[in-house]
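To keep things clear, I will list the structure first and then write my remarks on it.
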Amino acid sequence: MAEETKKKVVVVGAGVIGASIAFDLQRRGLQVTLVDKGEPGRGTSFGNMASIALDFAAGSGPSTWKKMPGWLLDPEGPVWLRPSYAAKMLPWFLRFLAAGRPSRLREIEDAGMSLSQRALGDFRAMLQAIGASELMTEEGCLAIYETEAEFAADRSHLAMMQRYGLEFEVLSNGAIQYYEPALSPVIAKAVLLPDNKSIRDPYRLVVKLAEAAKAAGAAFVSGAVRNIERKGDGAVVVLLENGGRIEADSVVLAAGVHTRFLAKKLGEPIPLETERGYHTQIMKPGISMRYSVIWPARAFMVTPTAGGIRVGGNVELAGLDAAPDFRRPRVLVRHAQRALPGLKLEEATDWMGHRPALPDTIPIISPSSKMQGVFYATGHGHLGLTYAPTTARLISDMVTGIEPPVDMRPFRIDRY
């Protein structure tokens, strides 16, 4: 196809979502320009927990309102709200609690699992297409429980997995150490999730995607996006802070939590908040691990990735501008050392990033309700890496006029 006849698409945001979309659109024969103020993969995607997590879990449930005071008052709990940000979070919290109603919860689980059930296959296909299949591990994930009470508290999640046909195996006693010898004998129960794979280096993945898109003919523009406009002839114009203009037939907004500022300018504000997440990357951990490990009761994860072991998770609600509180990852490391008593903290670095979170847990993957030619791919929360290839396929289908293989109504931007 001649360059001048190719449909032109601008993808705003060069994290794992945007880079996946750019690659998928470019290989379908469109002319893609990927725009970001930084280098591909250097934002939130740089520090994710490298987990392809198929066991979708809604953030809110019928009893969440009872748990929230304890979460918010415990400085070492799974959720920490800075008092100075509490008033700004109130409207989001009310929507979050409403999403936990029993009738709404089943709808959210159906929507989330409609993506999760495609995720592993779409991921393998994408990795093969960019020549990077080796970036995915073959080992799964172990969910661990220190007590029988912790395990019992998670039974509703196991029942949900069973309902959607996800494979898992409950382990006890010595079987746990058989799979992962580094785990402490204090761990009473574990659940093996064989299909929850890991990525050996999530930053490298985004770089490979951007390189593959570029090799196929995509362009990269460095700059911050100021606004989106539509011309009389139907073209969509991306306006940059430096005065630059990029005209296209379509624009995909995949800039994580920053997408909310552009959405507001387009007249469709979305309740997109930042769940600040922390990790500690340990390059000399003193142990080796085959499996990633997640401790649901303490809301953190340990993953062998990026040449070492990464400890991360938890949620801090403090907005975009507050300085990082690096006491948070210290708490996570301490919890991790209880599960993995041989874990050492040598050659370690801390990091903080901004997960784009919507109150009902499921992302926006949708055409704009206000401006033709504009599409959204944001709000993936803790599942940005997991859903990246599937989101890319669904957005590419919508941009090119193909009926997506998933019911897209739950992911529309005007659902709030």
Lys189 to Phe151 six-membered ring, cation-pi geometry met (6.0 Å, 45°): yes
Do Leu54 and Leu120 have side chains that get closer than 4.5 Å, going by heavy atoms? yes
When you measure from the side chain of Asn196 to the backbone N and O of Ala53, does any donor-acceptor pair fall under 3.5 Å? no
Approximate separation, where rounding is to 0.5 Å, of Ser396 OG and Leu30 CG: 8.0 Å
Taking Ser184 for its side chain and Ile187 for its backbone only, find out whether a donor-acceptor pair lies under 3.5 Å. no
Contact between Ile364 and Phe411 at the side-chain level, heavy atoms closer than 4.5 Å - yes or no? no
Here the pair of heavy atoms bringing Ala119 nearest to Thr390 is CA-OG1, 3.5 Å
Could you walk me through whether Arg276 and His354 pass the side-chain hydrogen bond (donor to acceptor under 3.5 Å, both in side chains) test, one step at a time? CA-CA 5 Å; Arg276 293 151 60 104; His354 297 276; 4.7 Å; no
For Glu146 and Arg338, indicate whether the former's side chain and the latter's backbone hold a donor-acceptor pair under 3.5 Å. no
Thr137 (side chain) donor-acceptor with Ser198 (main chain) under 3.5 angstrom: yes
Are Val399 and Lys7 close enough, and set up right, to give a side chain to side chain contact (heavy atoms under 4.5 Å, CB included), and what steps lead you there? CA-CA 10 Å; Val399 170; Lys7 186 175 182 179; 4.1 Å; yes
I'd like to know if the side chain of Arg412 reaches the main chain of Arg409, judged simply by a donor and an acceptor atom lying under 3.5 Å from each other, with no hydrogens or angles considered. yes
Honestly, is Arg95 close enough over Trp92, meaning NZ or CZ under 6.0 Å from the six-membered ring centre and within 45° of the axis? no
With side chain to side chain contact (heavy atoms under 4.5 Å, CB included) as the test, would you mind laying out the steps for Arg28 and Thr400 before giving the verdict? CA-CA 9 Å; Arg28 293 198 193 198; Thr400 56; 3.7 Å; yes
Value for CE (Met352) from OG1 (Thr44), rounded to nearest 0.5 Å, stands at 9.0 Å
Taken to the nearest 0.5 Å, the spacing of Leu383 CG from Ile52 CD1 works out to 11.5 Å
Drop me the distance from Ile130's CD1 to Asp24's CG, to the nearest 0.5 angstrom. 11.5 Å
If you define the side chain from C-beta out and look only at heavy atoms, does anything of Met283 sit under 4.5 Å from Gln281? yes
Taking the side chain as every heavy atom from C-beta outward, state whether Ile365 and Phe375 have any atom pair closer than 4.5 Å. no
Least distance between heavy atoms, Thr378 atom then Gly256 atom: OG1-O, 3.0 Å
Determine whether Tyr278 and Glu316 satisfy the following criterion, side-chain hydrogen bond (donor to acceptor under 3.5 Å, both in side chains), listing intermediate values before the conclusion. CA-CA 9 Å; Tyr278 293 85; Glu316 182 190 36; 2.5 Å; yes
Parallel, tilted or perpendicular: which one describes the rings of Phe261 and His258, with boundaries at 30° and 60°? tilted
With a 4.5 Å heavy-atom cut-off, do Val206 and Phe46 have their side chains touching? no
Are more than 12 heavy atoms from other residues, nucleotides or ligands located less than 6.0 Å from atom CG of Asp321? no
Starting from the C-alpha separation in whole Å, work towards a yes-or-no answer on side chain to side chain contact (heavy atoms under 4.5 Å, CB included) for Tyr376 and Leu266. CA-CA 12 Å; Tyr376 291 88; Leu266 294 179; 3.4 Å; yes
Using a 4.5 Å cut-off on heavy atoms from C-beta on, say whether the side chain of Val237 contacts that of Arg230. no
Other residues, nucleotides, ligands: >12 heavy atoms within 6.0 Å of Glu167 CD: no
With side-chain hydrogen bond (donor to acceptor under 3.5 Å, both in side chains) as the criterion, how do Asp55 and His157 come out once you've worked through the C-alpha distance, each side chain's angles and the decisive distance to 0.1 Å? CA-CA 8 Å; Asp55 57 321; His157 183 55; 3.1 Å; yes
Applying side-chain hydrogen bond (donor to acceptor under 3.5 Å, both in side chains), which residue pairs with at least one partner in residues 202-222 are found, sequence neighbours left out? Arg42-Tyr203
With a sphere of 6.0 Å drawn around CD of Gln372, does it hold more than 12 non-hydrogen atoms of other residues, nucleotides or ligands? no
Testing the basics here: between Gly379 and Leu272, what is the closest heavy-atom pair and its distance to 0.1 Å? CA-CD1, 3.7 Å
Between Pro271 and Leu358, what is the shortest heavy-atom contact and its length? O-CD2, 3.5 Å
Sub-4.5 Å side-chain heavy-atom contact between Arg310 and Pro202: yes
Quick one: does Gln26's side chain have a donor or acceptor within less than 3.5 Å of a partner on Ala219's backbone? no
Nearest heavy-atom contact between Trp295 and Ile144 is CD1-O, 3.5 Å
Are the side chain of Glu268 and the backbone of Ser369 linked by a donor-acceptor contact shorter than 3.5 Å? yes
Which is it for Arg415 and Asp360 under the salt bridge (charged side-chain N to carboxylate O under 4.0 Å, His left out) test, yes or no, and what are the steps along the way? CA-CA 10 Å; Arg415 67 181 186 258; Asp360 58 4; 2.8 Å; yes
Counting heavy atoms not belonging to Glu134, are there more than 12 under 6.0 Å from its CD? yes
More than 12 heavy atoms of other residues, nucleotides or ligands under 6.0 Å from CZ of Arg327: yes or no? no
Val257 and Pro356: which non-hydrogen atoms are nearest, and at how many Å? N-CB, 3.4 Å
Keeping the roles fixed (side chain from Thr391, backbone from Ala388), state whether a donor-acceptor pair exists under 3.5 Å. no
Measure from the side-chain N and O atoms of Thr303 to the backbone N and O of Ile309, and report whether any donor-acceptor pair falls under 3.5 Å. no
Taking atom types as modelled, find out whether Ser116 and Tyr387 have a side-chain donor-acceptor pair closer than 3.5 angstrom. yes
With the side chain counted from C-beta on, respond yes when Met89 and Glu273 share a heavy-atom pair under 4.5 Å apart, and no when they do not. yes
So, taking the atom named CD1 in Ile199 and the one named CG in Asn48, what distance separates them when rounded to the nearest 0.5 Å? 9.0 Å
State whether the side chain of Lys265 and the backbone N or O of Arg226 hold a donor-acceptor pair below 3.5 Å, judged by distance alone. yes
Would Glu180 and Met289 count as a side chain to side chain contact (heavy atoms under 4.5 Å, CB included) if you check the C-alpha gap in whole Å, the side-chain angles of each, and the deciding distance to 0.1 Å? CA-CA 7 Å; Glu180 189 53 77; Met289 297 175 64; 3.9 Å; yes
Before accepting this row, confirm whether a basic side-chain N of the pair Arg330/Asp350 lies closer than 4.0 Å to the acidic partner's carboxylate O. yes
Which distance, rounded to the nearest 0.5 Å, do you find between the CZ of Phe23 and the CE of Met126? 8.0 Å
